[in-house]
Number of protein chains: 2
Amino acid sequence: MNDVATTAGVALKTVSRVVNDEPGVNAATAERVRQAIDLLGYRRNDGARVLRRGRTASIGLIIEDVADPFYSGLSRAVEDVALRNDCLVFTGSSGEDPQRERKLVLAFCARRVDGLVIVPAGSDHGYLAPELSAGIHAVFADRPAGAGLDVDTVLCDNAGGARSGVAHLIAHGHRRIAFLGDSAAIFTAAERFRGYRQALEAAGLPYDESLVAMGTPEQARVQADLGRLIALDDPPTALFTGNGRTTVTTLRALEALRATTGPLDDHGATVRPLGAPGPRSLYPAGLDLAIVGFDDFELADMLTPAITVIAQDAAGLGRTSAELLFRRLSGDDPPAQRVQLPTHLIPRGSGELPPRSCP
Amino acid sequence: MNDVATTAGVALKTVSRVVNDEPGVNAATAERVRQAIDLLGYRRNDGARVLRRGRTASIGLIIEDVADPFYSGLSRAVEDVALRNDCLVFTGSSGEDPQRERKLVLAFCARRVDGLVIVPAGSDHGYLAPELSAGIHAVFADRPAGAGLDVDTVLCDNAGGARSGVAHLIAHGHRRIAFLGDSAAIFTAAERFRGYRQALEAAGLPYDESLVAMGTPEQARVQADLGRLIALDDPPTALFTGNGRTTVTTLRALEALRATTGPLDDHGATVRPLGAPGPRSLYPAGLDLAIVGFDDFELADMLTPAITVIAQDAAGLGRTSAELLFRRLSGDDPPAQRVQLPTHLIPRGSGELPPRSCP
DNA sequence: GTGAAAGCGCTAACAG
DNA sequence: CTGTTAGCGCTTTCAC
């Protein structure tokens, strides 16, 4: 900047004025400055600018994993809102590891981001308190903050969504509905499980613990649980899966289980799709289970049968969180609020299959 | 920092030493400083630190769209490498818009990121030249930089992958193979088209322009092209799709076309999956086309038939690009190189279907 | 309209 | 082992 000033034969401050389009500079002078800038290839250093002005015009986004379509949809929405506010975004994947989350958040804070959108991995966010009182705003998305933190939160209607999905299966005649979900330690999984129980209760159906399988969405675990469910004396006729990953894993597990039972009959067995109409005599090893999954996913409509889902709005989650954040950054300071986004059921076939007639 | 120093009764520099774990501080003094830090809730301002030290320990990543699984996989890999190098990453989606790309890149540069990983949208990157000569390193991923820019580049073997996919179809007896791809203006699309032609030539098959349909992967456009292909006097027996999005869109278009033809026969028509064995008499409206798609996608193996693909390694692209970048950041300065990553064919069924016997 | 001086929060270089 | 000084590149404040 100094060099530019010298070259243009003006003072430093004049260059600053030109660079920032501040009023009160003679057009001719400004032109001379601009020429010097081009000549020297000068670029303003925003880091230094930030140091002086206080605001960094950047926010931090912490999610579980950018590579997960749910979070990448959320990311994109946050990014769009940020860009609209002339704000850059640092992105970090926590990988569901509270330590990594903490490290990222603190690194972002050290860079003095103006605000944070956090999909929390851990449940203890005490480390954030000093940052918040230092003036960094945070919005929690998808999952609430641990106890003691008073921040804006944007959630999906997890319980309500699960409730309507399970009610849908009940409406289609199912009485024995299994719940396959993520680990109960995860907020969304617990909420969806709560919705499952509410739906059973509302329909006057008994809750049977043996129909519940919660844990990591690994193929091996899901398959083992599914094997156990299918082998029950009174097996389920329908499955409710608690998130996108679990739904897909369950579908794979079902296919794997079918593969071990050999051809079902001569009715196109080699390509017989998941749950396609066909003989049901081989149940419990057969695959005529109805399925409703929480969370929509690409190609759900192209499977056979197409998968009925409770769709949640990842982009809406991101957009709403970011908008809440920017409202605060622009000075608005209402008490912390909790927003809940609706979900909706998309019937596609798998959730409308009737219960198997008999074993 | 000043306050901490005063509180601890030491000089500013000692606080700096403690904060940065520099050696040569009395344990007791350090402890006093740490107490003052806790008491005051002091956090080092990395922005100021950066201003002084020169390196920002941050990089910028520009991709087309984080919400696209290909790019989100790439993102995650870049992020992981960055974290391993104690480096933060600014992410920006260009949305295939050269203006937005430019804006993002320049914003990142103004923040003085140490380097950039760019999946370019435009083909003119002249605006980057001054930044590069100002010492910001850039690596181009997935697509090369426009002319005149001498930068590291990491690409997939687009032509080779397409060649092997088309050769695979030829090996399975196909002679009339259509190419459905992205707009020819996009580097990867052009390369894959080149591979398609090479494969035809290697097999001594004629190139027929009427079998080629390149453009945006919109449902309407793909469906129209597909309708045209199917209505040809000598229609294709196989399709090669040029990228993941096009593959999925093609599958949807095929399904839509099938829906308009009504039930094919009494053989489970209501759930008859894409290309399942069955009567072929209804071709050209039937769907017994073999398909090989460039780019793997989730659930490709769960469709019926499962989709044969040429898999490219999005994460590998991201990892390699980031590693190349960090090698340069650590002082290494070889001439700009171009790395090409291999692709591999995953046979799953759709690519092994034989040509229809006759119309 | 323009400019000079102070200082944002930190670290490098050199004393003591 | 600890402290002092200068200055990173910019904006703010106030004077001309």
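In what follows, chains carry the letters A, B, and so on, assigned in the order in which the sequence lines appear, proteins first and then strands, with residues in each chain numbered from 1.
For Leu12(A) and dG7(D), the CG to P distance is 15 Å, given to the nearest whole Å. Going from atom NZ of Lys13(A) over to atom C1' of dG7(C) covers 14 Å, rounded to whole Å. If you take CG of Asp46(A) and P of dC8(D), they are 18 Å apart, rounded to a whole angstrom. We find that CZ of Arg112(A) is positioned 9 Å from C1' of dG9(C), with the value rounded to whole Å. For the pair Glu22(B) CD and dA13(C) C1', the computed distance is 12 Å after rounding to whole Å. Taking atom CG of Asn45(B) as the reference point, atom C1' of dC10(D) lies 14 Å away to the nearest angstrom. What separates CG of Leu51(A) from P of dT11(C) is a distance of 12 Å, to the nearest Å. Remark: P of dG7(D) and CE of Met1(A) are 19 Å apart, rounded to the nearest angstrom.
Distances shown here put a side-chain N or O of Ser16(A) below 4.0 Å from the OP1 or OP2 atom of dT11(D). A close approach under 4.0 Å does not occur between any side-chain nitrogen or oxygen of Thr14(A) and OP1 or OP2 of dT2(C). Checking the phosphate oxygens (OP1, OP2) of dT11(D), a side-chain nitrogen or oxygen of Arg49(A) falls inside 4.0 Å.
Between Lys103(B) and Asp97(B) there is no salt bridge, since none of the side-chain N atoms of the basic residue sits less than 4.0 Å from a carboxylate O of the acidic one. Taking a cutoff of 4.0 Å between a charged side-chain nitrogen and a carboxylate oxygen, Arg143(A) and Glu64(A) qualify as a salt bridge.
Residue Arg102(B) places its CZ atom among 12 or fewer non-hydrogen atoms of other residues, nucleotides or ligands, all under 6.0 Å distant.
Within the structure, every pair that satisfies the ring pair (Phe, Tyr, Trp, His ring centres under 6.0 Å) test and touches residues 65-118 of chain B, not counting sequence neighbours, is listed here: Phe90(A)-Phe90(B), Phe90(B)-Phe108(B).
Using a 4.0 Å cutoff on non-hydrogen atoms, the parts of residues 29-44 of chain A near DNA chain C are Thr29(A), ordered by number.
Using a 4.5 Å cut-off on side-chain heavy atoms (C-beta onward), Leu155(A) and Asp142(A) make no contact. A heavy-atom distance below 4.5 Å is not found between the side chains of Arg111(B) and Ser58(B).
At the heavy-atom level, Val50(A) lies nowhere under 4.0 Å from the strands shown. Among the protein residues, Asn20(B) comes within range of the sugar-phosphate backbone only, with heavy atoms under 4.0 Å from sugar or phosphate atoms but none that close to a base.
Nearest-nucleotide positions on DNA chain D for Val25(B) and Ala48(B) put Val25(B) closer to the 5' end.
Under 3.5 Å, the side chain of Arg17(A) and the base of dG3(C) form at least one donor-acceptor pair of N or O atoms. For Arg52(A) against dG7(C), a side-chain-to-base donor-acceptor contact under 3.5 Å is present.
Between Asp152(A) and the choices Gln337(A), Arg328(A), His137(A), the side chain to side chain donor-acceptor pair (under 3.5 Å) rule is met once, by Arg328(A).
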